[in-house]
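Below: one structure, written as structure tokens.
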There are 2 protein chains.
Amino acid sequence: MRLIEIACKERLKSILHNEGLRYTSQRQEIWNELLESKEHRDAEEIYYSLMNRGIQVSRATVYRTIDMLVKNNMIEKLDIGDGKARFEYNDKYKHHDHLICTACGKIVEFYSKNIDKYQREIAKKNKFELLHHSHHLFGICEDCQ
Amino acid sequence: MRLIEIACKERLKSILHNEGLRYTSQRQEIWNELLESKEHRDAEEIYYSLMNRGIQVSRATVYRTIDMLVKNNMIEKLDIGDGKARFEYNDKYKHHDHLICTACGKIVEFYSKNIDKYQREIAKKNKFELLHHSHHLFGICEDCQ
DNA sequence: ATTTTAATGAGACTAATTAACAACAATATT
DNA sequence: AATATTGTTGTTAATTAGTCTCATTAAAAT
């Protein structure tokens, strides 16, 4: 096991403990899966990826665990509007939003400090306690133009 | 019929004509429904709202018409991540994004010229031809805090 | 008015997700 | 360490949102 995995195992354990939830092998495997590829994964993909690695976890557990991870800010939900939710590891120090090509589905990540600033202003002005956001730009990528 | 409705009837007719599509009472009724309340409506709501007003249109037609209206930029799709699509009249002169309370579901509209500017810059930098965007801020509103 | 062809309605169907519940396993209690 | 407790899991069934098919109907072109 690599160092990063050990660290993340402890992180998962401590969060489960704090929430009064139990540490299980299924939760660990799903969390590993999401950690390994920080890309935009949907529930079915995660389910099959585990299967292919010989790790048998039920679909329901995948959904339940993803839910729990989202609630605890371990992963972020990403909804590009195609009817299924995608998820990715929430690296607080590498926050980003998404540019999506409506022709080929390509996803490019972006981050803007300025947009972040204005978002916080807007939330403040409207007396909202900002929790998270979702910001997608849809267009045609260079290759598809 | 109010003046605005007449104007919009002509607008619908002309768009259908340009696209080589037919003008039907169902399309008119669905368009009226979306015009009347510029709020955030989902397909099912529109379907039932028409039913309640004694206007019988099938679900499939509601979906098909909404689709057509989105494609022709008459309405905008709004996806707040709860698994169903919402739609609203696309008033080009009153573009806005959304602040959503995760506790009560309240939706507050906002607009920022600055964010708009940075969005265009990001698209340009990545050589995307920007078509549209979706920008939601999720948080807890004043009442729910 | 008749013909052509697109649009509609009804309901079957699909995909994604959730719920119910019995069996099981991780912790707490003794 | 043994047992009780209670959360978690897998299975299956249900739900929800949206799509598809196809016979019927209605615009619009002739």
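A quick note: this is a predicted structure, and the numbers were derived from the prediction, not measured. Just so it is clear: chains get the letters A, B, ... in the order the sequence lines come, proteins before strands, and each one is counted from 1.
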Contact list please: residues 57-80 of chain A against DNA chain D, heavy atoms, distance less than 4.0 Å, in numerical order. A:V57, A:S58, A:A60, A:T61, A:R64
Axial cation check for B:Y23 ring with B:K13, 6.0 Å and 45° limits: yes
Cluster check B:F87, B:I55: I/L/V/M/F/W/Y, side chain < 4.5 angstrom: yes
Could you give the CD1-to-C1' distance, from B:I55 to C:dT8, as a whole number of Å? 16 Å
Is it true that a side-chain atom of B:R53 and a backbone atom of B:Y48 form a donor plus acceptor pair closer than 3.5 Å? no
Taking CZ from A:R27 and P from C:dT27, how many angstroms apart are they, rounded to a whole number? 10 Å
Atom-to-atom span, CD of B:Q28 to C1' of C:dA7 - whole angstrom: 15 Å
Within the side chain of B:Q145, is there an N or O that forms a donor-acceptor pair under 3.5 Å with the backbone of B:I140? yes
Nearest whole angstrom, please: distance from the P of D:dA27 to the NZ of B:K13. 11 Å
Is the shortest side-chain heavy-atom distance between B:F110 and B:L137 below 4.5 Å? yes
Enumerate all atom pairs, one protein N or O and one N or O from nucleotides 23-26 of chain D, separated by less than 3.5 Å.
none

Nearest-nucleotide comparison on DNA chain D, the residue closer to the 5′ end among B:D82 and A:L16: A:L16
Distances under 3.5 Å between protein N/O atoms and the N/O atoms of nucleotides 28-30 of chain C, please, pair by pair.
none

On DNA chain C, compare the nucleotides closest to A:Y23 and B:T24; which residue's is nearer the 5' end? B:T24
Membership question, hydrophobic clusters at under 4.5 Å side-chain separation (ILVMFWY): are B:V70 and B:L34 in the same one? yes
Under 3.5 Å, side chain of A:D79 to main-chain N/O of A:A85, donor-acceptor pair present? no
Strictly by salt bridge (Lys or Arg N to Asp or Glu O under 4.0 Å), give each pair with a member in residues 42-51 of chain B just once, sequence neighbours left out. B:R41-B:E45, B:D42-B:K84, B:E44-B:R59
Distance check needed: C:dA10 P versus B:Y47 OH, whole Å only. 8 Å
Tell me what A:E44 touches on the nucleic acid: a base, only sugar-phosphate, or nothing, going by heavy atoms under 4.0 Å. nothing
Report the distance from atom CD1 of A:I46 to atom P of C:dT17, rounded to the nearest whole Å. 10 Å
Check the distance between C:dA16's P and A:D42's CG and give it to me in whole angstrom. 7 Å
How bent is the helix from C:dA1-D:dT30 to C:dT30-D:dA1, measuring the angle between the end axes built from five pairs each, rounded to 10°? 30°
Quick check: is B:I115 connected to B:I100 through a chain of hydrophobic side chains (ILVMFWY, heavy atoms under 4.5 Å apart)? no
Does a side chain donor of either A:H133 or A:H95 reach within less than 3.5 Å of an acceptor in the other side chain? yes
Closer than 4.0 angstrom, basic N to acidic O: yes or no for A:E88 and A:K77? no
Rounded to whole Å, please give me the gap between CD1 in B:I30 and C1' in C:dT8. 10 Å
Examine distances only and state if a side-chain atom of A:T65 and a backbone atom of A:V62 form a donor-acceptor pair shorter than 3.5 Å. no
For side-chain contact (heavy atoms from CB on, under 4.5 Å), just list the numbers for A:L78 and A:H98, CA-CA rounded to whole Å, side-chain angles, deciding distance to a tenth of an Å, and then say yes or no. CA-CA 9 Å; A:L78 162 65; A:H98 301 89; 3.3 Å; yes
What residues form a ring pair (Phe, Tyr, Trp, His ring centres under 6.0 Å) with B:F138, not counting sequence neighbours? A:H132
